[in-house]
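Note: hydrogens, waters and symmetry copies are ignored here, and every other heavy atom, side chains too, is used.
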Amino acid sequence: MQITDNSLTLIRPDDWHLHLRDGAVLESVVADSARQFGRAIIMPNLKPPVTTTALALAYRQRIEAALDKAGVEKGSFTPLMTLYLTDNTTAEEIAVAARSGAVQAVKLYPAGATTNSDAGVTDLLGKCGPALEAMQKHGMLLLVHGEVTDPQVDLFDREAVFIERVMIPLRKRYPELKVVFEHLTTRDGVDYVKQADGPVAATITAHHLLYNRNAIFLGGIRPHWYCLPVLKRETHRQALVEAATSGDRRFFLGTDSAPHPRGLKEHACGCAGCYTAFHAMELYATAFQAAGRLEALEAFASLNGPAFYGLPVNKGTLTLRKRANTIPDELPMGDTTVVPLAAGEELGWQVDVQAP
Ligand SMILES: NC(=O)N[C@@H](CC(=O)O)C(=O)O
Ligand SMILES: [Zn+2]
Ligand SMILES: [Zn+2]
């Protein structure tokens with residue numbers, strides 16, 4: 001990694017949590033990720049969800065076609081596929097996924113927890129035993145949206161309660177299962193991941209490093225700051241920054257970039273998700289710089305993720321320049337538009353357009 005007065009060059013990073021969607025939206029957004037990242041873990045919460053290896057392979061082909069159409073150089077961006085876990089996922093389906101070599105992980109969406117989670121899991125330990133057993137056996141990673149859906153539990157406490165009710169019993173029963181706690185948002189989550197023995201890691205988004213929950217309500221209700229798990233109070237944000245910038249190999253980059261059409265965000269019942277793929281590394285660099293820890297960005301963005309997944313680090317580099325960079329008010333997305341996070345605001349970093 002090289003840091004000068006006006007630039008920063010690091011090993012080409014990866015995005016370990018990305019929503020690319022499908023169809024015309026996929027075609028609009030895929031080049032944004034390909035510009036910055038060498039690989040990305042592609043989330044399976046399509047409609048209908050990607051529940052089988054056959055569906056994952058077909059989806060990968062549509063992503064490759066969209067990359068081609070966007071003029072992205074062949075092989076410069078690799079989509080890593082995931083399966084959507086359901087109550088009915090069989091051990092055989094997990095074995096097929098493991099044998100395919102194309103599926104890196106299986107994603108747990110507790111039913112009702114987030115966007116397109118209706119087909120998700122109603123009772124992980126009660127219903128998914130055979131699938132979890134097979135995943136542990138085949139070394140297939142489990143990625144979790146770590147929030148309980150119990151309506152009695154306060155929205156801001158859903159991650160902490162998930163640790164008690166799901167993570168701890170899950171890891172007791174399957175101690176060798178590799179688990180990634182996705183989009184971690186609380187000090188409780190950080191403390192849990194740090195002390196857990198065994199193969200547990202976590203992704204952290206740029207927006208949870210940069211903002212606390214005040215951002216959702218600053219001067220009025222601001223739907224483009226609404227995502228799930230929702231932004232938390234400042235003490236939690238600080239814990240996330242400490243974890244991400246500490247060099248601890250359990251924490252790595254996952255944008256959770258989740259595009260929704262402008263009209264469905266600015267809506268009486270707005271969708272959850274922030275679009276950050278367009279300016280992901282600029283946002284992360286801003287957060288690391290604010291913490292005075294730019295030198296820790298490469299481990300978080302380019303090294304820790306591949307180490308946990310058991311993959312080689314990328315070849316090539318990415319350079320960010322220190323210069324004023326105004327985020328566009330909106331970006332084209334299919335036949336509509338998407339508003340990127342922090343639209344209209346100015347960042348102090350810009351990914352080099354010459355980047356490989
Ligand atoms: N993060 C979000 O707020 N939304 C994601 C789903 C998810 O990752 O939970 C989406 O698909 O829109
Ligand atoms: Zn999620
Ligand atoms: Zn997500």
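For the atom pair Ile63 CD1 and Asp22 CG, the distance stands at 8.0 Å (nearest 0.5 Å).
For Glu92 and Arg99, the salt-bridge test passes: some basic side-chain N is under 4.0 Å from an acidic carboxylate O. No salt bridge links Glu64 with Arg62; every basic N to acidic carboxylate O contact stays at or beyond 4.0 Å. With salt bridges taken as basic N to acidic carboxylate O contacts below 4.0 Å, one links Asp68 and Lys74.
What you find for Asp87 and Cys128 is that their closest heavy atoms are CA-SG, 4.3 Å. Scanning both residues, Leu253 and Thr203, for their nearest heavy atoms gives O-CG2, 4.3 Å. In terms of heavy atoms, Arg237 sits closest to His208 at CG-O, 3.2 Å. Taking every heavy atom of both residues into account, His19 and Pro259 meet most closely at O-CD, 3.5 Å. Considering all non-hydrogen atoms of both residues, Ala131 and Thr89 come closest at CB-O, 3.6 Å. Closest approach of His236 to Thr185, counting heavy atoms only: CB-O, 3.5 Å.
Annotation: Arg249, atom CZ; neighbour count of heavy atoms from other residues, nucleotides and ligands within 6.0 Å does not exceed 12. Atom CD of Glu295 has more than 12 heavy atoms from other residues, nucleotides or ligands within 6.0 Å. Atom CG of Asp197 sits in a sparse spot, with 12 or fewer heavy atoms from other residues, nucleotides or ligands closer than 6.0 Å. Within a 6.0 Å radius of CZ in Arg233, no more than 12 heavy atoms belonging to other residues, nucleotides or ligands are found. In the displayed structure, Glu346 atom CD is contacted under 6.0 Å by more than 12 heavy atoms of other residues, nucleotides or ligands. In Asp335, the CG atom is not crowded: 12 or fewer heavy atoms of neighbouring residues, nucleotides or ligands sit closer than 6.0 Å. For Lys322, the NZ atom is densely surrounded, since the number of other residues' heavy atoms within 6.0 Å is greater than 12.
The residue from Tyr226, Trp225, Phe217 that alone fulfils the ring-ring contact (aromatic ring centres under 6.0 Å, His included) condition with Tyr211 is Trp225. Shown are Gln104, Lys178, Lys107; of these, the side chain to side chain contact (heavy atoms under 4.5 Å, CB included) with Leu143 is made only by Lys107. Just one of Leu210, Thr255, Ile204 meets the side chain to side chain contact (heavy atoms under 4.5 Å, CB included) condition when paired with Tyr284; it is Thr255.
Looking at heavy atoms from C-beta onward, Leu311 lies in side-chain contact with Arg39 at the 4.5 angstrom threshold. The shortest distance between side-chain heavy atoms of Pro13 and Phe252 does not fall below 4.5 Å. In this structure, Glu282 and Gln350 have side chains that are in contact, with non-hydrogen atoms separated by less than 4.5 Å. The shortest distance between side-chain heavy atoms of Tyr109 and Asn116 does not fall below 4.5 Å. Residues Phe308 and Leu141 are in side-chain contact: their nearest non-hydrogen atoms beyond the backbone lie under 4.5 Å apart. Proximity of Asp150 to Arg165: side-chain heavy atoms (C-beta onward) are separated by under 4.5 Å at one or more points. Looking at heavy atoms from C-beta onward, Trp349 lies out of side-chain contact with His279 at the 4.5 angstrom threshold. Here the side chains of Ile163 and Ile168 are in contact, with some heavy-atom distance below 4.5 Å.
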Next on the checklist: Applying side-chain contact (heavy atoms from CB on, under 4.5 Å) to Leu177 and Arg171, what does each step give before you reach the verdict?
Outcome noted: CA-CA 7 Å; Leu177 182 65; Arg171 302 220 41 262; over 6 Å; no

Next on the checklist: Please determine whether side-chain contact (heavy atoms from CB on, under 4.5 Å) holds for the pair Leu170 and Leu125, giving the CA-CA distance in whole Å, both sets of side-chain angles, and the decisive distance to 0.1 Å.
Outcome noted: CA-CA 7 Å; Leu170 168 75; Leu125 290 167; 4.2 Å; yes

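Remark: the Glu266 side chain and the His224 side chain contain an N/O donor-acceptor pair separated by less than 3.5 Å. A donor-acceptor pair shorter than 3.5 Å cannot be found between the side chains of Gln238 and Glu242. Under the 3.5 Å distance criterion, with hydrogens and angles disregarded, a donor-acceptor pair is assigned to the side chains of Thr4 and Ser7.
With hydrogens and angles ignored, the 3.5 Å screen pairs no side-chain donor or acceptor of Lys265 with any backbone N or O of Gly270.
Taking the six-membered ring where the residue is Trp, the centroids of His145 and His183 are separated by under 6.0 Å. Aromatic ring centres of Trp16 and Tyr309 lie closer together than 6.0 Å.
Residues Leu184 and Leu108 share a hydrophobic cluster, clusters being chains of Ile/Leu/Val/Met/Phe/Trp/Tyr side chains in contact below 4.5 Å.
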